Amino acid sequence: MRVLIIAEDLDAVGGVAQSTLALAEGLQARGHRIGLIFGNDGSLTSRWLQVTRNLRRLGSVQLPRREPARSTVKLARAISFSLSFRPDLVYCHSMNQLPIATVIGRTTRKPVVMHLRTAAPIDRPRNHRRLRRVSTFMAVSQAARGEWVKFDDHVRSRCSIVPPGISLAALHPASEEARSAARKRFGLRTDLPVLTFIGRIAEEKGIRELVVAHRQFPGLQLLVVGGEAGKEQPLTRELRLVASPMATFLGPIPDITNVYAAADAVVVPSHLETFGRVVVEGLACGLPVIAARTGGIPEILAEQFDEYLFDKVNAKEISAKIREVMPFDNSASFRQRARAVAEKYSDTRVVDSVEKVLLWATS
């Protein structure tokens, strides 16, 4: 099977970029040919080059209506590449990618498969028209599927639940020695607990509410790992000014294994998460995950770890939940239960599901 993937910039900024690459690696390992149309190079480019040499960079995969000449040039380049690659299907992951994906699908007369990883778009006629050109959908959670079905009923009979695949090989509970070494690496104290946030520095991630809540815990260190879109980074600068002295901001880190090793618990205070990649990664490392009851997160935690969910993303609820679950459970039995939940989302299992859907779409 020849799979043409549409992707944004090849940067490890968010879970979508990492999951798309992990799925491509899994499909390539099973003998499928991968082609890639993407925006710009980034920190993941070297790994993509190990998956395929069939790549076409466009600067952006979006086709802005206000720039018809530029969009026409990009489309011509994308179509030329697609005709030479001869895909069996086109695989995209967001509404921004859908216009170029559907044009390629019509030109090559091949099906378009869309993985619903984000919130449903603005209710505009053109968004509905574009969705109707998709033959098959996958949603990363029941919550995501429900939201998209509510937006457009075309999704209902064509959508399977396929969560993002997460590589668990490098993620495991840390020994006391490894935890101490990781904390020293990041300039943290080894004698005080560490609560860790990993994600984009953005309002919708609940980072502001978390920083305010953390000020109530003078004996708890907060480790914030993640970057902010753009070079100015106004939110990051603002948060540094109001944060507790016990908060450490590291910026984005490509290899997060040491970040999890340094942690006693993980916090995911997002206003909306269609899935919750960090939730699974934290569980894989045997860590308690304190998270908002939103989107797909309860589907991961509710069965065994419901006590770690809070209902409203505000400083009061976050601080109350932190206080309720401290001291954080670091027992061997907890680690075993957490790892077992994470294993359900291993990349091997998810690639199985994606492969079945893609093969079905081409049949």
Side-chain angles (χ1 to χ4, degrees), residues 6-8 13-20 23 61-62 90-99 101-102 111-166 199-200 202-207 209 229 268-281 289 291-303 305-306 308-314 317 341 344-345 350 353-354 357-358 360-361:
I6 313 295
E8 309 290 346
V13 175
V16 173
Q18 297 177 60
S19 179
T20 302
L23 288 172
V61 295
Q62 299 184 41
V90 184
Y91 182 21
C92 68
H93 303 82
S94 74
M95 286 298 295
N96 289 336
Q97 302 167 4
L98 192 53
T102 53
V112 175
V113 178
M114 184 176 181
H115 214 142
L116 305 175
R117 302 173 180 271
T118 61
I122 297 172
D123 190 4
R124 291 175 177 167
R126 66 172 177 267
N127 287 331
H128 293 279
R129 289 195 299 270
R130 289 167 180 169
L131 285 176
R132 282 169 171 72
R133 296 168 185 161
V134 177
S135 66
T136 307
F137 297 92
M138 290 179 273
V140 294
S141 64
Q142 290 284 359
R145 181 185 185 277
E147 182 181 349
W148 281 84
V149 167
K150 184 177 179 180
F151 174 76
D152 195 314
D153 199 62
H154 173 71
V155 175
R156 185 183 303 275
S157 63
R158 302 164 183 260
C159 187
S160 305
I161 306 299
V162 182
I166 297 176
R200 287 185 296 107
E203 295 284 2
E204 64 267 23
K205 293 295 184 179
I207 182 63
E209 292 86 346
V268 184
S270 301
H271 290 270
L272 176 63
E273 286 285 350
T274 52
F275 176 64
R277 181 185 184 89
V278 173
V279 177
V280 176
E281 291 177 344
V289 180
R293 194 186 299 273
T294 183
I297 292 176
E299 296 172 35
I300 305 170
L301 290 178
E303 184 176 346
F305 301 107
D306 185 74
Y308 289 96
L309 292 167
F310 55 89
D311 294 318
K312 295 181 181 179
V313 182
N314 58 50
E317 287 243 1
V341 171
K344 299 177 183 178
Y345 304 96
V350 171
S353 299
V354 170
V357 172
L358 298 184
W360 180 85

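Side-chain atoms are counted along with the backbone in the values below, which use heavy atoms only and exclude waters and symmetry mates. The model shown is predicted, which means the values in this text are computed figures rather than measured ones.
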**OP:** Measure across V313 and E209 and return the closest heavy-atom pair with its distance rounded to 0.1 Å.
**Re:** O-CG, 3.7 Å

**OP:** Mind telling me whether F151 and W148 have parallel, tilted or perpendicular rings, with 30° and 60° as the class edges?
**Re:** perpendicular

Subject >> Any Q97 side-chain heavy atom under 4.5 Å of Q62 side chain >> reply: no

**OP:** Please report the C-alpha distance between R117 and S19 in whole Å, then the side-chain angles of each, then the deciding distance to 0.1 Å, and finally whether the side chain to side chain donor-acceptor pair (under 3.5 Å) criterion is met.
**Re:** CA-CA 10 Å; R117 302 173 180 271; S19 179; 3.0 Å; yes

Original post:
Can you name the nearest heavy-atom pair linking L116 to A144, along with the distance?
Top reply: O-CB, 4.3 Å

Original post:
Under 4.5 Å between any side-chain heavy atoms of T136 and P111, yes or no?
Top reply: no

Original post:
So L98 and V134, side-chain contact (heavy atoms from CB on, under 4.5 Å) or not? Walk me through it.
Top reply: CA-CA 9 Å; L98 192 53; V134 177; 3.5 Å; yes

Original post:
Any donor and acceptor pair, going by atom type alone, linking the side chain of R132 with main-chain N or O of H128 inside 3.5 Å?
Top reply: yes

Subject >> Check ion pair E204-R200 (N to O, under 4.0 angstrom) >> reply: yes

Original post:
What is the ring orientation for F275 with Y345, classed by angle as parallel under 30°, tilted 30 to 60°, or perpendicular over 60°?
Top reply: perpendicular

**OP:** Could you tell me whether the side chain of E299 and the main chain of Q142 form a donor-acceptor pair under 3.5 Å?
**Re:** yes

**OP:** Let me see the working for V354 and M138 under side-chain contact (heavy atoms from CB on, under 4.5 Å), right down to the final yes or no.
**Re:** CA-CA 8 Å; V354 170; M138 290 179 273; 4.2 Å; yes

Subject >> Backbone N/O of I122 and side chain of N127: donor-acceptor pair under 3.5 Å >> reply: yes

Subject >> Approximate separation, where rounding is to 0.5 Å, of E273 CD and I297 CD1 >> reply: 5.0 Å

Subject >> T20 side chain reached by H115 side chain, heavy atoms, under 4.5 Å >> reply: no

Original post:
Which atom names give the shortest non-hydrogen contact between A361 and V113, and what distance separates them?
Top reply: CB-CG2, 3.7 Å

Subject >> P99 backbone acceptor or donor facing T102 side chain under 3.5 Å >> reply: yes

Original post:
Say you draw a straight line from OG1 of T118 to NE2 of H93; how long is it, rounded to the nearest 0.5 Å?
Top reply: 11.0 Å

**OP:** Check step by step if side-chain contact (heavy atoms from CB on, under 4.5 Å) holds for K344 and V280.
**Re:** CA-CA 9 Å; K344 299 177 183 178; V280 176; over 6 Å; no

**OP:** Working to the nearest 0.5 Å, report the span between CG of N96 and CD1 of I6.
**Re:** 12.5 Å

Original post:
Any side-chain donor paired with an acceptor under 3.5 Å for R158 and S135?
Top reply: no

Original post:
Is there a donor-acceptor pair under 3.5 Å between the side chain of R145 and the backbone N or O of V155?
Top reply: no

Original post:
Taking it one step at a time, do I300 and V341 satisfy side-chain contact (heavy atoms from CB on, under 4.5 Å)?
Top reply: CA-CA 8 Å; I300 305 170; V341 171; 4.2 Å; yes

Subject >> Minimal non-hydrogen separation, V61 against A7, with atom names >> reply: CG1-O, 3.2 Å

**OP:** Return the orientation label for the H154 and F137 ring planes: parallel under 30°, perpendicular over 60°, tilted otherwise.
**Re:** perpendicular

Original post:
Taking all atoms of both residues into account, what is the closest heavy-atom pair of L23 and Y91, and its distance?
Top reply: CD1-OH, 3.5 Å

Subject >> Under 3.5 Å: donor-acceptor pair, side chain of T294, backbone of H271 >> reply: yes

**OP:** Over all heavy atoms of both residues, which pair between A119 and L272 is shortest? Give the atoms and the distance, please.
**Re:** CB-CD2, 3.7 Å

